[in-house]
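These notes concern the structure reproduced below.
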Amino acid sequence: MKGNIEEEVNAIKNQQGKDIWLYGGATLTSSLINLGLVDEMALAVHPVLLGAGKPLFQHLPQRIKLKLISSKEYPSGLVMLSYQFLKNT
């Protein structure tokens, strides 16, 4: 994305069609969350413990409340969790 991220995303959201799907891109995802442009998020939890790594979300100024809307377990042990973003009150 180039230019004003908020304007570009809102222009896409105002078009006809399906939902926007963002895969990966932790920095862009954090920016979209901070701008209030994310309605739902799907997180895949893999059955592996790591001893180190990069935080999933950085630069979030406050806690963001989520509501679990669905979950699905796969034979590999992976669990897909879908959350709705709740408005902070």
Side-chain angles (χ1 to χ4, degrees):
M1 299 186 97
K2 296 178 182 177
N4 186 309
I5 294 172
E6 187 171 13
E7 287 178 5
E8 289 194 38
V9 171
N10 282 321
I12 294 169
K13 288 177 92 170
N14 289 327
Q15 296 176 8
Q16 290 185 352
K18 296 187 178 190
D19 296 333
I20 300 170
W21 182 277
L22 175 64
Y23 182 79
T27 301
L28 178 57
T29 301
S30 293
S31 295
L32 295 175
I33 290 170
N34 284 329
L35 291 168
L37 297 171
V38 179
D39 301 314
E40 291 182 16
M41 178 178 295
L43 297 173
V45 179
H46 297 266
V48 177
L49 298 176
L50 302 176
K54 183 178 179 181
L56 185 57
F57 301 103
Q58 298 182 56
H59 311 297
L60 298 179
Q62 61 191 20
R63 290 183 180 202
I64 298 172
K65 295 180 181 180
L66 305 172
K67 177 182 178 185
L68 182 66
I69 54 176
S70 70
S71 63
K72 183 173 181 179
E73 184 179 353
Y74 292 89
S76 66
L78 180 140
V79 178
M80 182 63 70
L81 304 167
S82 294
Y83 290 95
Q84 176 182 26
F85 278 65
L86 299 176
K87 302 295 180 196
N88 290 330
T89 55

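Partners of K72 under the salt bridge (charged side-chain N to carboxylate O under 4.0 Å, His left out) rule, at least two apart in sequence or in another chain, do not exist in this structure. When the side chain to side chain contact (heavy atoms under 4.5 Å, CB included) test is applied to L81, the partners found at least two apart in sequence or on another chain are V45, L68, S71, V79, Y83. For L60, the side chain to side chain contact (heavy atoms under 4.5 Å, CB included) partners two or more places apart in sequence, or in a different chain, are S30, I33, N34, F57, I64. Under the side chain to side chain contact (heavy atoms under 4.5 Å, CB included) criterion, Q58 pairs with K54, P55, sequence neighbours left out. By the side chain to side chain contact (heavy atoms under 4.5 Å, CB included) test, S82 pairs with A42, I69, S70, sequence neighbours left out.
Separating the CG atom in L32 from the CD1 atom in I20 is a distance of 8.5 Å, to the nearest 0.5 Å. Atom NZ of K67 sits about 7.5 Å away from atom CG of L86, to the nearest 0.5 Å. Here L37 contributes atom CG and T29 contributes atom OG1; the two are 11.5 Å apart, rounded to the nearest 0.5 Å. To the nearest 0.5 Å, the span separating CG on L28 from CG on L22 amounts to 5.0 Å.
Residues in residues 27-38 take part in no salt bridge (Lys or Arg N to Asp or Glu O under 4.0 Å) pair, two or more places apart or across chains. Listed by first and then second residue, the salt bridge (Lys or Arg N to Asp or Glu O under 4.0 Å) pairs involving residues 28-39 are K13-D39 (not counting sequence neighbours). Counting only residues at least two apart or in different chains, salt bridge (Lys or Arg N to Asp or Glu O under 4.0 Å) contacts with residues 25-34 are absent.
Of all heavy-atom pairs spanning M41 and L43, the tightest one is SD-CD2, 3.7 Å.
Under the 4.5 angstrom side-chain criterion for Ile, Leu, Val, Met, Phe, Trp and Tyr, the cluster partners of Y74 are L78, M80.
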